[in-house]
Amino acid sequence: MVEITFDRESIKLFVLAAAAIAVLIIIPLTGNKFIMATSYTILIFITLAEAYNILGGYGGYVNFGYSAFYGLGGYITAILSHHWRVPPLLMVPIAGLAVGVISAILGVPLLRLKGVYFAIGMITVNFIFLCLVLLFPKITMAGKGIVLPPPPPLQVFCYLASVVAVVTTLAAYKIANSSMGLALRGIREDEEVAEVVGVNLTKYKVLGFMASTIPAAVVGGITAAYLTYIDPAVMFDIGFSVKVILMARLGGLGTIAGPLIGALVIQAISYALRYTLGGVLHKIIWGALLSATIILLPGGVIKYVKGLLVRRSAIT
Amino acid sequence: MKELFSFVNLVINGLMIGGLYATMTLGLTLLFGVMGVINVAQADFIVLSAYIAYWMFHSYGLSPFISFIVTMPVMFGIGMLLEKGLIEPLQMRTRSRGEFVRMTLPVFFGVAMVVRHSMTALWTGDYRAITTFLTGRAFTFSLIRVPILRLLCLVGSLGIVGLLYLYLTKTKTGKQIRALSQNAVAANIVGINVERIRLISFAIGICIAGFAGYLFSFIYTFFPGAAGEWVPLLFCIMVTGGLGCTEGTLVVGIMFGLLDGVVGYYFSMALSRVLVFITMLLVLLFRPRGIFGRGL
């Protein structure tokens, strides 16, 4: 029997979660296409940032090739659906499984690399996938891209993205508070010490890696069905990885709320820039903001606001 | 017999293009070796330099053969500004060197976006090329052709690698740069002005992009987004040659140029790139210090 306690913290959390879920259920009922499309994108990025955070935040392994797994998920979904003539959404679980296996295989050697070498290695993996897509035009249509059948209504995608986002966030929470989360944090702080204490490095790193890549593959697959068209340049875009990393970082690495907030803030900024400036100018400003936030807010928004509050309370 | 000659031509071409690859990577190698900066914007600076050469030629009639006298100082200046504006603050705000190194990547990704899209805003996305009286001309010996501009690339790259090597080993500042790359704390203790050396070495790294852009502008047509496909290749050359090893960069640049030339012709460019990337991953896993296994 699990003992349930009702302290103020958990009630607050419960109310917040209930409110969030209520919002997620109501959004598709409005039938407003703009709201639905916007929330779909935000939910997708919340999922990605939370999943990225498992290895990148708790484990400290910065994965600049994160887009590789998003793209792979999208491509596996699209190829299977294209060749078997089935709705792409049905192929998403297969893509998730396949990417899980692939990342387990890739993870064993790649996770031996440390710090910046891991980052460079993962970028290379991203480009290897990109080149493999170009190399087999009969299967992947190479640069032409794959056109998928017309998608189901937007509501379906909205609910699907909600489910994926909630499940990923809960999974991230579970992992963070399990022995695996502890092991990953140990690895982040000092790998050698963690090994001496008896953490099985390879096992936990590979598990963390899989936990962060599988949601990316699922999201990639769903997005392929959502867009009904994918091409290599969009699916294997390092800029996409950088965006997800920035979201996780801006919110605060190694927390559950951090990536959520980061995804909301960055997507909001991204939308605001795109609709007010448009075209090229928004990309220039976006690039400048990217560099500036990393330099100015190294610990993320949550840490910064907390720091401000602490300073204020210290003054008063 | 004809096949043999075409193969020889491919090898010659690959060799010369490899020289250009090496020059394009050289700045990257220096920046990473000395400062630990992963400059993903290097290729964009190269394209920017090519644009500068192009506009100097078309607006002011400056001969493209000497356009490096403009591109290199401009890039040197940009390098100094970036060091003061980005690298120094980032270094002050990051907790460890490892974190600093990793965070330079997204910072320079932002820089790359600014440069790339500013070029689009200013000069549209049209393809540009510099055409001179030497374009398309070649020295021919029976069936063997040596394109003159590509030969210039090889000579130029050998020249710049040689110059950099002499600068790093013979001059006082160069020796200080190498000292800094080996151990920043110790360099500070023995009285090297670390701040100044960092500024200079960063500016030199970007300045080399100016020279690479000068060579680049002869060989390739370019547009603002041209840098995109170069970034991974340049990183592969840098890592395979050894992080911070200039001769390694030259050798591996030429090696990958040959690979691109030969495999790209007989099979496909994509296959050649896959081979390059896999080579790099293997080097990273088994010889993380590069095939030459030593630093600057």
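Lettering follows sequence order; numbering is per chain, from 1. Predicted model, so just to flag it, every value in this text is computed and none were measured.
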Proximity breakdown for [X] and chain A, heavy-atom pairs closer than 4.5 Å:
{"X": "B:T94", "answer": "neither"}
{"X": "B:V239", "answer": "side chain"}
{"X": "B:I38", "answer": "side chain"}
{"X": "B:F32", "answer": "side chain"}
{"X": "B:M103", "answer": "both"}
{"X": "B:E99", "answer": "side chain"}

Test item: B:L82 and B:F45 side chains (from C-beta on) under 4.5 Å apart, heavy atoms: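 A side-chain contact exists here, since the closest heavy-atom pair is under 4.5 Å.
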
Worked check of ring pair (Phe, Tyr, Trp, His ring centres under 6.0 Å) between B:F222 and B:Y51: CA-CA 8 Å; B:F222 45 92; B:Y51 263 103; 5.2 Å; yes

When you measure from the side chain of [X] to the backbone of [Y], do you find a donor-acceptor pair of N or O atoms at a distance under 3.5 Å?
{"X": "B:R128", "Y": "B:W123", "value": "yes"}
{"X": "A:N126", "Y": "A:A68", "value": "yes"}
{"X": "B:E83", "Y": "B:S201", "value": "no"}
{"X": "B:S272", "Y": "B:G264", "value": "no"}

Which bit of [X] comes within less than 4.5 Å of chain B, counting heavy atoms only: side chain, backbone, both or neither?
{"X": "A:I123", "result": "side chain"}
{"X": "A:I284", "result": "both"}
{"X": "A:L281", "result": "neither"}
{"X": "A:L296", "result": "both"}
{"X": "A:F118", "result": "neither"}

Part of residues 109-117 of chain A lying next to chain B, heavy-atom separation under 4.5 Å: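 So far as heavy atoms go, A:P109, A:L110, A:R112, A:L113, A:G115, A:V116, A:Y117 are the residues that approach chain B to under 4.5 Å.
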
Contact listing (chain B partner; residues 262-276 of chain A; heavy atom under 4.5 Å):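 Near chain B, by residue number: none.
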
Interatomic spacing from NZ in A:K283 to CD1 in A:I285 - rounded to 0.5 Å: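 Interatomic distance, A:K283 NZ to A:I285 CD1, rounded to 0.5 Å: 13.5 Å.
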
For chain B, the option from A:A119, A:S241, A:G239 that forms the most heavy-atom pairs under 4.5 Å: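 Highest number of pairs under 4.5 Å: A:G239.
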
Largest heavy-atom contact set with chain B, pairs under 4.5 Å, which of A:V133, A:V62, A:L134: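 Top option by heavy-atom pairs under 4.5 Å: A:V62.
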
Matching residue for B:Y21 among B:W230, B:F256, B:F235 - test: ring pair (Phe, Tyr, Trp, His ring centres under 6.0 Å):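 For B:Y21, the ring pair (Phe, Tyr, Trp, His ring centres under 6.0 Å) test succeeds with only one of B:W230, B:F256, B:F235, which is B:W230.
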
A:Y70 and A:F240 aromatic centres sub-6.0 Å: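 Judged by ring-centre distance (under 6.0 Å), A:Y70 and A:F240 do meet the cut-off.
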
Within 6.0 Å of CZ in A:F136, more than 12 heavy atoms from elsewhere: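 Not buried by this count: 12 neighbours or fewer within 6.0 Å.
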
Residue B:Y266 excluded, over 12 heavy atoms near OH under 6.0 Å: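 Check passes, neighbour count above 12.
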
A:F236 and A:F129 aromatic ring geometry - parallel, tilted or perpendicular at 30°/60° bounds: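 A:F129 and A:F236: tilted rings.
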
Best-contacting candidate, B:L281, B:V101, B:V111, against chain A by heavy atom pairs under 4.5 angstrom: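 The answer is B:L281.
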
Max heavy-atom pair count under 4.5 Å with chain A, selected residue of B:R116, B:R93, B:M269: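 Most heavy-atom pairs within the cutoff with chain A belong to B:R93.
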
